[in-house]
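Data first, discussion second: the structure below is written as structure tokens.
Given the structure is predicted, the values throughout are model-derived calculations rather than measurements. In listed order, ligands and their atoms are each counted from 1. Computation of the quantities below employed the complete heavy-atom set of this structure, encompassing side-chain atoms and omitting hydrogens, waters and symmetry-equivalent molecules.
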Amino acid sequence: MSSERVERFKNADVKFGVIGLGYVGLPLAVEAARSGIRVLGFDVKESVAAGINGGSSHIQDLTDAEIGEQVQAGLLEATTDMARLAECDGISICVPTPLSKTRDPDVSFIFAATEAVTRALRPGQLVVLESTTYPGTTREVVQPGLEKSGLRVGEDFFLCFSPERVDPGNKVWVTRNTPKVIGGVTRACGEAGVALYSRFFDVLVPVSSTEAAELTKILENTFRAVNIGLVNEIALIADRLNVDVWEVIDAAATKPFGFMKFTPGPGLGGHCIPVDPHYLSWKMRTLNYKTRFIDVASEINSAMPEFVTGKVWEALNRAGKPVKGARILILGVAYKPNIDDVRESPALDIIRLLEGDGARVLFHDPFVPRLEEEGSVWIGEELTDELLSSVDVAVIVTDHGNVDHARVFERAPIVVDSRNATRGLVDPAGSRPQGGWIVKGPQA
Ligand SMILES: NC(=O)c1ccc[n+]([C@@H]2O[C@H](COP(=O)([O-])OP(=O)(O)OC[C@H]3O[C@@H](n4cnc5c(N)ncnc54)[C@H](O)[C@@H]3O)[C@@H](O)[C@H]2O)c1
């Protein structure tokens, strides 16, 4: 393909399309618009497109003002009309990549987006897949789909994979300053991708293939899943040894080299870490290879909600109370602190387990007023002294910064803390128990 086609992505007046305006796509669209590029966002949900065009944000990391500024400047527009993909010179695909009920990759959203792009594909366009997926997806799924148009990759259009590294709630590492890995199907594809993305990312990290870029993303998330699995196992070990795991981790973290701190908790959540490693496991099963670290980490991490529930049982038992009929307050239902995302949150498992045992479960989360899953709806409670003293157990599942955990510790009769949010607090009725988890209540 001619080098002018690559060059024009560097500074020409190009239009950039973003398919899927969620946690990943919307910040990408806004960042491109900030650099002066005209951006057309695509979503299947009419409400999402209408909200953006009306200057309102449905993503916690972006304010209405940030969206409104770009919309008013004529740089950002959203639509559900996929035929308008033909207007775009560069197109990034940021659609969901969940797991199916059998925990296999569900790439149906990638298929749907690819089909939409194929219908609009014209020579000279650049397509970048951003959705996290197994190595090979870009070349084996997206490329053949796009080539049904009769156009050829590297000759007529460019195709890259560039993994998103969004960390919701992170104020330091945002879209622009987080280094961006990108790999093309051909060398020219990679160059075109770097040319466009250099306009709104500070640091580009080109790699030699789409597979390298795809595996980079899964390595990053598997690294976290495995290390969290390791520290969760240490937590289970410490519990049996009656040692406070958080004390041990803090002590280990004073080592100035060769140790990286990870903390235990109620289990994994979010759209990435509990999901992405399974994309790699699935791919490797097709190559007759078993991903052992991923499998062990997943086993340990997915058992943590049951461990926390077991601690609630244990605490109630010490108080001579059954779980059935107990009033249990869950503090924090988002999957991590200071955000409103409940996808794959371990809080949902803990609530289901406790309700299955006959408990009356209530929740408080300043970021999540209402929780809905598989037809069930829970409405969040206001955190009052009356509420805290009326429950049998308060369980800290997610330690949001704007929740007064000292007050929780003071008022609730029994506290199970899965995040060490009550560190340093001592129950006036007795010394702080060893071993973490059941931090207030009758001792064994
Ligand atoms: N959320 C994160 O923190 C994060 C971080 C890194 C990578 N990722 C990856 O990025 C991808 C997107 O995740 P997300 O969190 O932004 O998802 P999301 O659910 O927040 O947003 C996806 C959007 O795509 C829209 N959509 C679905 N199918 C579509 C289609 N065919 N055409 C147009 N729009 C469509 C949905 O309506 C939704 O608005 C996933 O592969 C995910 O694994 C997510």
Side-chain angles (χ1 to χ4, degrees), residues 17-31 40-52 56-62 67 78-85 88 91-100 105-120 127-135 137-138 141-142 145 161-170 173-175 178-182 213-214 216-225 268-280 334-345:
V18 177
I19 306 179
L21 300 170
Y23 286 86
V24 167
L26 191 54
L28 180 68
V30 168
E31 204 54 60
L40 186 53
F42 296 85
D43 206 286
V44 284
K45 288 189 195 142
E46 185 66 55
S47 58
V48 168
I52 293 166
S56 76
S57 172
H58 60 291
I59 299 293
Q60 196 194 325
D61 281 347
L62 286 167
I67 304 278
T79 182
T80 55
D81 180 4
M82 297 291 163
R84 294 191 63 193
L85 283 163
C88 304
I91 298 165
S92 289
I93 301 174
C94 306
V95 294
T97 43
L99 291 171
S100 69
D106 173 3
V107 289
S108 59
F109 298 90
I110 295 183
F111 269 119
T114 302
E115 273 177 19
V117 178
T118 307
R119 284 193 290 275
V127 181
V128 184
L129 179 61
E130 295 253 348
S131 303
T132 306
T133 182
Y134 58 83
T137 311
T138 311
V141 175
V142 181
F161 181 82
S162 180
E164 189 45 61
R165 281 174 163 167
V166 169
D167 182 17
N170 194 326
W173 295 106
V174 292
T175 306
T178 304
K180 191 85 169 106
V181 173
I182 188 163
E214 289 160 337
T216 301
K217 172 68 185 180
I218 300 218
L219 165 61
E220 291 167 13
N221 283 355
T222 300
F223 173 83
R224 288 191 59 76
L268 294 181
H271 189 9
C272 291
I273 301 171
V275 173
D276 303 346
H278 294 285
Y279 269 66
L280 184 60
Y335 80 87
K336 70 172 188 173
N338 310 323
I339 64 162
D340 62 0
D341 191 349
V342 297
R343 291 178 297 179
E344 308 280 331
S345 174

(request) Identify whether the distance between the nearest side-chain nitrogen and carboxylate oxygen of D276 and R224 falls below 4.0 Å. (result) no

(request) Output the distance between atom CD1 (I110) and atom CD1 (I19), rounded to the nearest 0.5 Å. (result) 11.0 Å

(message) Under a 4.0 angstrom heavy-atom cut-off, which atoms of ligand 1 come close to F109?
(response) 27 (C), 28 (N)

(request) Answer side chain, backbone, both or neither: which part of S131 comes under 4.0 Å from ligand 1, heavy atoms only. (result) both

(request) Could you grab the distance from atom OG1 of T118 to atom CG of L85, nearest 0.5 Å is fine? (result) 10.0 Å

(message) Is there a polar contact between ligand 1 and T97, counting only N or O atoms under 3.5 Å apart?
(response) yes

(message) Quick test: of every protein heavy atom, which one is nearest to atom 13 (O) of ligand 1, and how far off is it to 0.1 Å?
(response) H271 CD2, 3.5 Å

(request) Considering the heavy atoms of G22, write down every atom of ligand 1 situated less than 4.0 Å from one of them. (result) 16 (O), 18 (P), 20 (O), 21 (O), 23 (C)

(message) Which option wins on minimum heavy-atom distance to atom 16 (O) of ligand 1: V24, N170, D167?
(response) V24

(request) Just need the protein heavy atom nearest to atom 29 (C) of ligand 1, so name the residue and atom and give the distance. (result) V95 CG1, 3.6 Å

(message) If I compare all heavy atoms of D81 with all of F42, which pair ends up nearest, and what's the gap?
(response) O-CE2, 3.3 Å

(message) I need the minimum non-hydrogen distance between F161 and A213, along with the two atoms involved.
(response) O-CB, 3.5 Å

(request) Search all heavy atoms of L99 against all heavy atoms of D106 and return the closest pair with its distance. (result) C-CB, 4.2 Å

(message) Tell me the closest heavy-atom pair linking A120 and A83, and the distance in Å.
(response) CB-O, 4.3 Å

(request) Report, in ascending order of atom number, the atoms of ligand 1 lying under 4.0 Å from any heavy atom of I19. (result) 32 (N), 33 (C)

(request) Check T80 against E46 and note the closest heavy-atom contact, atom names and distance. (result) OG1-OE1, 3.5 Å

(request) May I ask you to list the atoms of ligand 1 that are less than 4.0 angstrom from any heavy atom of K217? (result) 6 (C), 7 (C)

(request) Would you confirm whether S162, through its side chain, and V181, through its main-chain N or O, come within 3.5 Å as a donor-acceptor pair? (result) yes

(request) Provide, to 0.1 Å, the distance between atom 25 (C) of ligand 1 and the closest protein heavy atom, together with that atom's residue and name. (result) D43 OD2, 3.2 Å

(message) Closer than 4.0 Å to some heavy atom of M82 - which atoms of ligand 1 meet that?
(response) 32 (N), 33 (C)

(request) Please determine if T132 has a nitrogen or oxygen closer than 3.5 Å to a nitrogen or oxygen of ligand 1. (result) yes

(request) Please report which non-hydrogen protein atom sits nearest to atom 30 (C) of ligand 1, along with the residue it belongs to and the distance in Å to one decimal place. (result) V44 CG1, 3.6 Å

(message) Closer than 4.0 Å to some heavy atom of P168 - which atoms of ligand 1 meet that?
(response) 3 (O)

(request) Determine the minimum heavy-atom distance between Q60 and D340, stating which atoms define it. (result) OE1-N, 2.8 Å

(message) Between D341 and R343, does any NZ, NE, NH1 or NH2 come within less than 4.0 Å of an OD or OE carboxylate oxygen?
(response) yes

(request) Pull out every atom of ligand 1 sitting under 4.0 Å from any heavy atom of A112, numbered as shown with elements. (result) 31 (N)

(request) Using a 4.0 Å heavy-atom cut-off, say whether C272 meets ligand 1 through its side chain, its backbone, both or neither. (result) side chain

(message) Can you check which of R343, E220, H58 brings a heavy atom nearest to atom 1 (N) of ligand 1?
(response) R343

(request) Taking only heavy atoms of P96 into account, list the atoms of ligand 1 that are under 4.0 Å away from them. (result) 19 (O), 22 (C), 24 (O), 27 (C)

(message) Working to the nearest 0.5 angstrom, can you tell me the gap between T79 OG1 and I52 CD1?
(response) 11.0 Å

(request) Return the residue, atom name and 0.1 Å-rounded distance of the protein heavy atom closest to atom 24 (O) of ligand 1. (result) G20 CA, 3.2 Å

(request) May I ask you to check if ligand 1 and E164 share an N or O to N or O distance below 3.5 Å? (result) no

